[in-house]
**Q** 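Mind looking over this structure? Questions follow.
Throughout, protein chains are lettered first and strands after them, A, B, ... in sequence-line order, and every chain is numbered starting at 1.
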Amino acid sequence: DTAVSQTPKYLVTQMGNDKSIKCEQNLGHDTMYWYKQDSKKFLKIMFSYNNKELIINETVPNRFSPKSPDKAHLNLHINSLELGDSAVYFCASSVSREQYFGPGTRLTVT
Amino acid sequence: GQQLNQSPQSMFIQEGEDVSMNCTSSSIFNTWLWYKQDPGEGPVLLIALYKAGELTSNGRLTAQFGITRKDSFLNISASIPSDVGIYFCAGQRSSGTYKYIFGTGTRLKVLA
C-alpha cells in the first residue's frame, strides 16, 4: 500500500554514464515533483508535472530530463552524469495543498 | 533557489522537554506544511496549515500559521527519543503555483 514509490533506492555509477530513476504514486494525485537534496539536506525543487504537463522547470542542467508517461508516473533521466550530481533525489506528489514524498534515491557518481 | 529560514538550525534537548521551532519568510504564503525526515527516509508530512492564525495539532505536535502569513511555528511537547530527526517547513505562495519552498531544516537530537 505504498503511496509514492521510487526505484532504485541506491544508484552507484561512473561519471559520463546515463541513468534513470522511476517514480510511481497510487494516490490518484494530479501533480508530481522531483526534488534534489544535497549533502547539507537542502531540498530544492527541480521539476513538476500536472496531468502529464510540465509546469515547473527550475534552473536545472539540460542533462536532466523528466518524463511523465501518465499522471501516476514521473521518471527522471540524467545524461552524462557528473560528480556534482551525487545527491538524494526525491519524488513527490500533491493534491489540494498537501505534498507527499517518496523514500528517495541516493545517487552516487564516482 | 529561495529557501525559508528555520530556527534553530539544530538543538539538543532532554527527553520530556518541550521543543519550539519556527520558519520565517520575507514573502506571504497561503499554505504552510511541516515535515519530519528520518535518516535514509523521505520527508513525512506532519501538519498542514491553510489559514492565518490557524492552530493545528497532531498528537504531541502543534503547529501555527503566523498571523502575518510570513511565518509558522512548530511545537513538540514532552519529547521522546524517536522525535530525533530533521524538521522542515515548506510554504506555498498561492494554490495555483504548485511550487513549495522549503526551509533549511531544524535538526533535533533528544538526550534520553
**Q** Which atoms of A:Lys40 are under 4.5 Å from chain B, going by heavy atoms: the side chain, the backbone, both sets, or neither?
**A**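 The backbone, not the side chain.
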**Q** Pick from B:Gly103, B:Gly40, B:Ala48, B:Gly42: which one has the most heavy-atom pairs with chain A under 4.5 Å?
**A** B:Gly42
**Q** Between B:Tyr35 and chain A, with a heavy-atom cut-off of 4.5 Å, which part of the residue counts as in contact: side chain, backbone, both or neither?
**A**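 Looking at B:Tyr35, just its side chain touches chain A.
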**Q** Without hydrogens or angle criteria, can the side chains of A:Asn50 and A:Thr31 be said to hold a donor-acceptor pair below 3.5 Å?
**A**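 Per modelled atom types, A:Asn50 and A:Thr31 side chains form a pair under 3.5 Å.
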**Q** Under 3.5 Å, is there a donor-acceptor pair linking the side chains of B:Ser79 and B:Asp83?
**A**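 Short answer, no.
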**Q** Give, as side chain, backbone, both or neither, the part of A:Ile56 having an atom under 4.5 angstrom from any heavy atom of chain B.
**A**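 Side chain only.
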**Q** For the pair B:Phe88 and B:Phe102, name the ring-plane relationship: parallel under 30°, tilted 30 to 60°, perpendicular over 60°.
**A** perpendicular
**Q** Considering only heavy atoms, which portion of A:Phe90 lies under 4.5 Å from any heavy atom of chain B: side chain, backbone, both, or neither?
**A**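 The side chain, not the backbone.
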**Q** List the residues meeting salt bridge (charged side-chain N to carboxylate O under 4.0 Å, His left out) with B:Lys36, not counting sequence neighbours, and say none if there are none.
**A**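 In terms of salt bridge (charged side-chain N to carboxylate O under 4.0 Å, His left out), with neighbours along the sequence ignored, B:Lys36 is linked to B:Asp38.
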**Q** Between B:Asn75 and B:Ser20, do the side chains contain a donor N or O and an acceptor N or O under 3.5 Å apart?
**A** yes
**Q** With a 4.5 angstrom heavy-atom cut-off, could you sort out which part of A:Gln37 is near chain B: side chain, backbone, both or neither?
**A**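 For A:Gln37, side-chain heavy atoms alone lie under 4.5 Å from chain B.
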